[in-house]
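Index from 1, following the sequence. What you are looking at is a predicted structure, and each value in this text was computed from that prediction instead of being measured.
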Amino acid sequence: MQIYGTDITSRLLLGTAQYPSPAILAEAVRASRTEIITVSLRRETSDGSGTGFWEHLRQTGCRILPNTAGCHSVQEAVTTARMARELFDTPWIKLEVIGHCDTLQPDVFGLVEAARILSADGFQVFPYTTDDLVVGEKLLEAGCEVLMPWGAPIGSGQGLRTPDALQTMRAHFPEVPLIVDAGIGRPSDAAQAMELGMDAVLLNTAVAKAGDPAGMARAMAMAIAAGRAGYKADPMERRDMAVPSTPVLGMAEFA
C-alpha cells in the first residue's frame, strides 16, 4: 500500500488513546505490527505529561499520524493541524471536523473546506469522512489522496453499518486508498472491511478497551491479513438458492 508516496506494509493503523498505561500501549503496538499510530494533539499536551507520552510514542518506531480529534470548526481544525505539524514534524494530518456531538459524525462541509486550506498549506490530509460519494469527490478535488470513511460512530464497536455503501465507494474510487476509520469492534468487523476491498483499517477503542489489548491487537492484525487475502482471492458471489457441490449426473436411480 502506498500513501502520499510512502510505502506501507501493515494495513492496520492504531490509535493511542484510552490505554491503561503507556507500557500496555507499547505492548499492543508491538503485537499489532502496525507502522502508523495516530495521536491527538490534545492528548499530547492536556495532562502535563505530554513529553513523557511523546517519548513512549517515539520508542515504538512507528510513523506518527497526528489528528485533530475533538475539533468542531474549520478554524479549530486548521489551527490544531498547524500546531501538530510543528510538534511532530510531519506534513501528515488525520483531519476531523466533528458536526454532531452524539454520533461524532463528520461535518462534511467544514471537512472539505479545512482539507482545501490544509492541502494548499502543504499538508498531506487523511480525512475522516462518511461513505458519501459526492463528499469523497470533493475531498479529492480539495487535494486529498486518501479517504477514511467511517464504519460506524467512533468508539461504538458496531462494526460496518453500511457495507454496501463502502463496497460502492471501492468501485467508484478504484485507485484511491480507502481506510475504514471508526466503529470496528471485533476482528470479524476488520476482516469484513478488508473483504470489501478496503486498503486498511484504523482502530483504537476495540484494542485499548479490550481485556487483553495486546491479544486483541494481534487478533486484529491477523483478521486484516485474512480479509485482504480473501479479497485478493476473488471470493464467490452470494446466491439466492442452494447449488449442490456434488454433481447430480451419474447418481444411482432406483426403479
Side-chain angles (χ1 to χ4, degrees), residues 1-17 25 29 32-46 50-51 53-98 106-130 135-150 154 173 175-182 198-204:
M1 178 174 63
Q2 190 173 82
I3 303 177
Y4 288 111
T6 299
D7 290 325
I8 305 297
T9 301
S10 172
R11 295 178 182 270
L12 170 58
L13 288 68
L14 195 63
T16 57
L25 165 60
V29 169
S32 72
R33 298 187 179 181
T34 185
E35 298 170 49
I36 300 173
I37 54 178
T38 67
V39 59
S40 168
L41 182 64
R42 299 181 182 210
R43 169 63 180 85
E44 170 67 15
T45 59
S46 63
T51 301
F53 184 64
W54 174 225
E55 280 305 312
H56 281 288
L57 297 182
R58 287 170 60 101
Q59 291 171 13
T60 66
C62 295
R63 182 156 186 157
I64 303 295
L65 175 59
N67 66 48
T68 62
C71 292
H72 291 259
S73 71
V74 173
Q75 181 178 0
E76 187 180 14
V78 169
T79 299
T80 301
R82 288 171 174 162
M83 292 173 64
R85 181 168 59 182
E86 293 298 319
L87 179 61
F88 298 108
D89 190 26
T90 176
W92 281 16
I93 191 72
K94 180 193 167 190
L95 180 61
E96 297 183 23
V97 182
I98 301 301
D107 170 2
V108 295
F109 304 101
L111 179 67
V112 172
E113 183 181 349
R116 183 174 292 110
I117 293 170
L118 292 174
S119 294
D121 195 25
F123 282 89
Q124 296 173 337
V125 180
F126 294 65
Y128 164 61
T129 183
T130 63
V135 175
E137 293 280 11
K138 297 295 183 182
L139 287 168
L140 296 177
E141 291 172 4
C144 300
E145 297 182 13
V146 59
L147 298 174
M148 304 182 72
W150 67 343
I154 293 173
F173 302 111
E175 304 300 326
V176 178
L178 299 179
I179 302 174
V180 169
D181 177 16
M198 300 297 104
D199 291 285
V201 169
L202 193 160
L203 54 87
N204 187 165

Please report the interatomic distance [atom1]([X]) to [atom2]([Y]), rounded to the nearest 0.5 Å.
X    : Y    : atom1 : atom2 : result
L147 : M198 : CG    : CE    : 10.0 Å
I98  : C71  : CD1   : SG    : 8.5 Å
L87  : I64  : CG    : CD1   : 10.0 Å
C144 : E137 : SG    : CD    : 12.5 Å
D181 : L203 : CG    : CG    : 9.0 Å
L139 : E145 : CG    : CD    : 12.5 Å

Which atoms form the tightest heavy-atom contact between [X] and [Y], and what is the distance?
X    : Y    : answer
A115 : L95  : N-CD2, 3.5 Å
K138 : V112 : CB-CG2, 3.9 Å
G143 : Y4   : O-OH, 4.2 Å

Ignoring hydrogens and angles, tell me if any N or O in the side chain of [X] forms a donor-acceptor pair with the backbone of [Y] under 3.5 Å.
X    : Y   : result
T38  : L65 : no
S73  : E76 : yes
N204 : A17 : yes
T80  : T68 : no

> Hey, mind stepping through E86 and M83 against side chain to side chain contact (heavy atoms under 4.5 Å, CB included) and telling me if it holds?
Replying inline: CA-CA 5 Å; E86 293 298 319; M83 292 173 64; 5.8 Å; no

>> Run the side chain to side chain contact (heavy atoms under 4.5 Å, CB included) test against M1 and tell me which residues pass, sequence neighbours left out.
In response: I3, I8, R11, D199, A200

pair [X]-[Y]: side-chain heavy atoms closer than 4.5 Å:
X    : Y    : value
E96  : L111 : no
I93  : N67  : no
D121 : R82  : yes
I37  : L13  : no

>> Working note: M148 + L178, criterion side chain to side chain contact (heavy atoms under 4.5 Å, CB included); need CA distance, chi angles, decisive distance, verdict.
In response: CA-CA 6 Å; M148 304 182 72; L178 299 179; over 6 Å; no

> Under the side chain to side chain contact (heavy atoms under 4.5 Å, CB included) criterion, do V29 and C62 qualify, and how do the steps go?
Replying inline: CA-CA 9 Å; V29 169; C62 295; 3.7 Å; yes

>> Show, in sequence, the C-alpha distance, side-chain angles and deciding distance for T9 and E35, and conclude whether the side chain to side chain contact (heavy atoms under 4.5 Å, CB included) test is met.
In response: CA-CA 8 Å; T9 301; E35 298 170 49; 2.8 Å; yes

Side-chain donor-acceptor distances from residues 122-130 under 3.5 Å, at least two apart:
from, atom 1, to, atom 2, distance (Å)
Q124, OE1, W92, NE1, 2.8
Y128, OH, L104, O, 3.3
T130, OG1, D132, N, 3.4

>> Checking Q2 against D7: is there a side-chain donor and acceptor pair closer than 3.5 Å?
In response: yes

